[in-house]
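A, B, ... follow the sequence lines: proteins, then strands. Residue 1 opens every chain.
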Amino acid sequence: MSIYDTLNEQQKLGVTTTEGPVLILAGAGSGKTRVLTHRTAYLIEEKGINPYHIMAITFTNKAAGEMRERIDAMVGYGSESIWVSTFHSTCVRILRRHIDRIGYDTNFTIYDADDSKSVMKEICKRLNIDTKIYKERSLLAAISSAKDELIAPDDFALKAAGDFGKRRQAEVYREYQNVLKKNNALDFDDLIVKTVELLRNDAEVLAYYQERFRYIVVDEYQDTNTAQFELIRLLAGKYKNLCVVGDDDQSIYKFRGANIYNILNFEKHFPDAVTIKLEQNYRSTQNILDAANGVIANNVGRKRKSLWTANDRGEQIDFEQFDTAYDEADFVARDIQSGIRNGKFGYGDYAVLYRTNAQSRLFEERFITSNIPYKIVGGVNFYARKEVKDLLAYLKTIDNARDDLAVRRIINVPKRGIGATTLNRVSDYAEDYGISFYDALKQADEIPSLGKAAAKIRPFVTFIQTMRSKLPYLGVSELLREVIEETGYVKELEAEDTEEAQVRIENIDEFISKAVSYEENEEQPSLGGFLEEVALVADIDGLEEGNEYVVLMTLHSAKGLEFPKVYLAGMEDGLFPSYMSIVSDNATEELEEERRLAYVGITRAKKELAITCARQRMIRGETQYNKVSRFVKEIPAELLSGEIRKPSYGESREQKLPVRPKRPAVSRQPSGQSMQAKAFASARTVGGSLDYGVGDRVSHVKFGNGTVTGIVEGGRDFEVTVAFDTAGTKKMFASFAKLKKI
DNA sequence: TTAAGTTAAGTTTTT
DNA sequence: CTTAACTTAA
């Protein structure tokens with residue numbers, strides 16, 4: 001009896017076929033993570049491979065973290081020397097050691113999409129590019145897809161020869177790379193591209209890593225792009241023990257450069273490859289699986305695969321069409337409440353999935369009024385928020401002022417009376433003397449054109465220098481606190497006294513706790529290390545299991561996750577599939593990608609699935625009238641139940657709101673939850689007490705101001721009764737009500 | 001020259 | 001409905 005006996009035959013094959021290239025086609029819910037972890041254990045325990053020689057690559061930090069955890073639990077000693085990380089962090093790790101061999105400094109900074117856009121704006125201005133015709137966004141997109149395909153600026157120019165527009169793009173591409181190089185910065189795509197460049201150009205480095213990574217596993221292989229493929233090919237070039245796991249039916253990142261032929265042609269790239277299919281689904285009910293199969297069957301050009309399950313038929317799929325998107329959100333909220341009430345599910349069993357981030361708002365609003373704890377994944381990444389980016393820019397500047405972008409970002413935040421004109425003069429000076437922007441600031445007094453503006457710059461430079469000298473004594477989180485204190489950043493927000501400012505302050509608090517926990521978890525914390533860790537996190541990474549809240553996210557974010565009950569919202573032609581894909585030049589192809597997305601969505605559900613849509617919906621202030629999504633029609637009709645709701649004008653919306661849920665769950669506060677959720681669901685219970693009492697005036701994000709008339713302690717939380725001035729009397733749980741004393 | 005106030009334009013999906 | 005670019009007042 002061994003741990004491998006619990007696997008089915010195909011899974012076992014995936015575990016024990018360790019030598020040579022292996023393609024595992026893993027249908028949704030077929031237990032591929034189990035195969036990967038068991039395979040790793042097998043390599044170490046049965047084959048006696050040193051963990052040092054094993055590498056696993058995933059797309060998200062969350063996936064990497066999960067795999068790491070499960071491998072650790074299974075392998076025990078030595079598992080920490082396995083590289084388990086994302087493509088991007090793997091590359092950063094390699095580049096930090098060796099990028100000097102291709103002419104960069106090893107303390108390079110990483111630019112996010114925002115930073116890239118700022119660079120692009122400047123370039124367009126400098127090259128006199130009419131951004132009405134060539135939009136920054138599309139220029140960046142062109143550059144990004146070139147990088148995905150490993151096309152360097154020179155190659156791009158070569159290929160562009162005949163086409164004026166393309167030649168212009170080539171020019172911009174070249175300039176963009178120059179600016180990044182000058183700033184010692186890499187963008188996301190560069191992380192991969194430069195690693196490939198390094199491995200291609202430096203035989204010594206390549207040999208080192210080839211020798212090290214004798215066994216390589218790649219998860220979500222269907223989403224790799226050409227550059228990532230080349231990276232893997234190079235690394236696995238010597239031993240060729242490459243195991244890739246993926247599902248062509250779940251390829252949903254074409255827009256990000258994913259090359260579906262990486263998986264479809266794997267056997268061509270590696271002629272002696274073994275292909276293993278995992279076709280038994282352990283996740284979903286028969287009905288859910290049938291629905292998914294019914295939809296995906298409409299795609300041509302996929303690897304033949306027939307997913308089956310030994311699970312029960314389960315409930316029918318609940319399909320509901322509503323009059324408006326409000327009614328849709330209302331239904332989902334009520335349905336969740338009723339599931340909770342009769343003990344069928346907990347909040348953490350639910351997920352609401354949608355095509356676009358904008359759809360989250362209606363659900364969010366509705367969940368607040370219903371006291372449903374929730375968490376939104378995605379939207380604006382935590383580290384991409386203004387306030388967080390501002391503080392990060394301070395930290396970057398203190399750490400290493402070579403990043404002009406960061407310096408420029410904060411030089412006038414808070415307002416120091418330094419405007420665009422002054423900045424331009426400084427950067428002209430920097431340009432003339434070939435020094436960095438920050439160095440030019442240091443010499444502000446010597447820049448004649450500045451005049452009295454130089455006096456405004458001096459305190460800023462002094463501040464940065466002072467902080468820099470304090471860094472060794474303070475550590476990251478204390479430094480951050482000091483920056484906030486000295487700049488008055490939070491004070492300024494407090495003075496604003498708006499809901500928005502409040503959210504920002506909470507984000508800043510959260511940012512501080514991230515810094516604290518970084519210092520606690522890291523053996524040798526450093527400012528540079530912190531900045532690096534923060535540069536590569538995605539929003540999905542913060543999602544924790546076992547927490548009691550409903551999760552809201554896009555279908556893209558949902559890949560790789562599963563939930564007992566899933567709502568697929570906004571299933572309307574024009575929304576999903578998106579209008580863009582329907583009218584596209586290659587609509588067939590794009591619709592297939594959308595269909596795969598639908599397939600991903602449906603297969604997230606374990607027990608129950610509800611599909612909802614609305615007849616009319618406000619999109620960017622305009623009302624749209626949409627038909628039921630074509631994907632719904634591809635689901636065999638006998639699998640569907642539910643009804644199509646007729647407009648109900650007689651019923652007032654007020655009546656529909658269940659103001660007092662009968663048995664609201666006592667909530668545990670998840671740590672590290674996303675900021676949207678935190679903003680609305682944050683526990684005001686500090687150390688088991690509230691900062692308001694009976695008789696106090698409080699404000700609520702939705703109901704406005706009111707007076708507290710009662711507080712009842714129950715379990716871990718407080719049930720607070722508030723008489724609102726305009727919204728009547730409500731009972732709510734303190735941790736979700738976000739009541740603010742006024 | 002800066003900063004506040006006003007008007008115009010734009011939205012898929014993201015490491 | 002929200003964010004970015006433009007205009008005007010200080």
Look at all strands and tell whether [X] reaches a base, only sugar-phosphate, or nothing, counting heavy atoms closer than 4.0 Å.
| X | value |
| --- | --- |
| A:L575 | nothing |
| A:K121 | sugar-phosphate |
| A:F59 | sugar-phosphate |
| A:N357 | sugar-phosphate |
| A:N412 | sugar-phosphate |

Value in whole Å for how far the [atom2] atom of [N] lies from [atom1] of [X]:
| X | N | atom1 | atom2 | value |
| --- | --- | --- | --- | --- |
| A:I143 | B:dT14 | CD1 | P | 21 Å |
| A:R617 | B:dT12 | CZ | P | 16 Å |
| A:I252 | B:dT15 | CD1 | P | 11 Å |
| A:L555 | B:dT14 | CG | C1' | 14 Å |
| A:Q222 | B:dT13 | CD | P | 20 Å |
| A:K559 | B:dT12 | NZ | P | 21 Å |
| A:K62 | B:dT14 | NZ | P | 16 Å |
| A:D573 | B:dT12 | CG | P | 17 Å |

Taking any atom closer than 4.0 angstrom to a non-hydrogen atom of chain A, what span of DNA chain C does the protein reach, first nucleotide to last?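 Endpoints of the contacted stretch of DNA chain C: C:dC1 to C:dA5.
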Contact residues, residues 422-429 of chain A to DNA chain B [heavy atom, < 4.0 Å]: A:T422, A:R425
What stems show up for DNA chain B when you take Watson-Crick pairs (N1-N3 plus N6-O4 or O6-N4) and G-U wobbles (N1-O2, O6-N3), both under 3.5 Å, and require three or more consecutive pairs?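 Stems (3+ consecutive pairs) listed as B:1-10 with C:1-10.
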Residues A:E328 and A:T612: side-chain donor-acceptor under 3.5 angstrom: yes
Quick one: on DNA chain C, does A:R361 or A:K386 contact a more 5' nucleotide (nearest heavy atom)? A:R361
For [X], check side-chain hydrogen bond (donor to acceptor under 3.5 Å, both in side chains) against everything at least two apart and list the hits.
| X | answer |
| --- | --- |
| A:E593 | A:R596 |
| A:E69 | none |
| A:E122 | none |

Hey, what's the ring geometry for A:F188 with A:H88, parallel, tilted or perpendicular (30° and 60° as the breaks)?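 Rings of A:F188 and A:H88: perpendicular, as their planes differ by over 60°.
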For A:F511 and A:Y383, take the angle between the two ring planes, folded into 0 to 90°, and tell me which bin it lands in: parallel under 30, tilted 30 to 60, perpendicular over 60. perpendicular
If only atom types and distance count, is the side chain of A:S118 paired as donor or acceptor with the main-chain N or O of A:D114 below 3.5 Å? yes
Other residues, nucleotides and ligands only: do more than 12 of their heavy atoms fall within 6.0 Å of OH on A:Y579? no
Pairs: protein N or O with nucleotides 4-10 of chain B N or O, under 3.5 Å:
none

I'd like to know if A:R256 reaches the base of B:dT15 with its side chain such that a donor and an acceptor end up less than 3.5 angstrom apart.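 Such a pair does not exist between side chain and base.
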Ignoring hydrogens and angles, answer whether the base of B:dT15 and the side-chain atoms of A:H88 contain a donor-acceptor pair closer than 3.5 Å.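 Donor-acceptor pair under 3.5 Å: yes.
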Tell me every residue that passes side-chain contact (heavy atoms from CB on, under 4.5 Å) with A:N259, counting only those two or more places apart in sequence or in another chain. A:T226, A:Y261, A:N262
In chain order, what residues pass the side-chain contact (heavy atoms from CB on, under 4.5 Å) check against A:N626, with sequence neighbours excluded?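 Only A:E572, A:Q624 meet the side-chain contact (heavy atoms from CB on, under 4.5 Å) criterion with A:N626.
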Strictly under 6.0 Å, is that where the ring centroids of A:F255 and A:H556 end up?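 That pair passes the under 6.0 Å test.
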Would you say the ring centers of A:Y374 and A:F363 fall short of 6.0 Å from each other?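 For A:Y374 and A:F363, the ring centres are not under 6.0 Å apart.
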On DNA chain B, check which nucleotide each of A:A358 and A:I418 is closest to and give me the residue with the more 5' one. A:I418
Rounded P spacing from C:dA4 to B:dT13 in Å: 16 Å
B:dT2 phosphate, OP1 or OP2, under 4.0 Å from A:T421 side-chain N/O: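 A:T421 to B:dT2 OP1/OP2: side-chain N or O found under 4.0 Å.
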According to a strict under-4.0 Å criterion, is A:T554 in side-chain N/O contact with OP1 or OP2 of B:dT12? no
Can A:Y253 be called stacked on B:dT14 when the rule is centres closer than 5.5 Å and an angle between planes below 30°?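 Aromatic stack with B:dT14 absent for A:Y253.
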Set of residues satisfying salt bridge (charged side-chain N to carboxylate O under 4.0 Å, His left out) with respect to A:D112, sequence neighbours excluded: A:K389
So, using salt bridge (charged side-chain N to carboxylate O under 4.0 Å, His left out) as the criterion, who are the partners of A:D404 when residues are at least two apart? none
Kindly write out the residues that satisfy ring pair (Phe, Tyr, Trp, His ring centres under 6.0 Å) with A:F229, not counting sequence neighbours, or none if the list is empty.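 A:F229 satisfies ring pair (Phe, Tyr, Trp, His ring centres under 6.0 Å) with A:H269 only.
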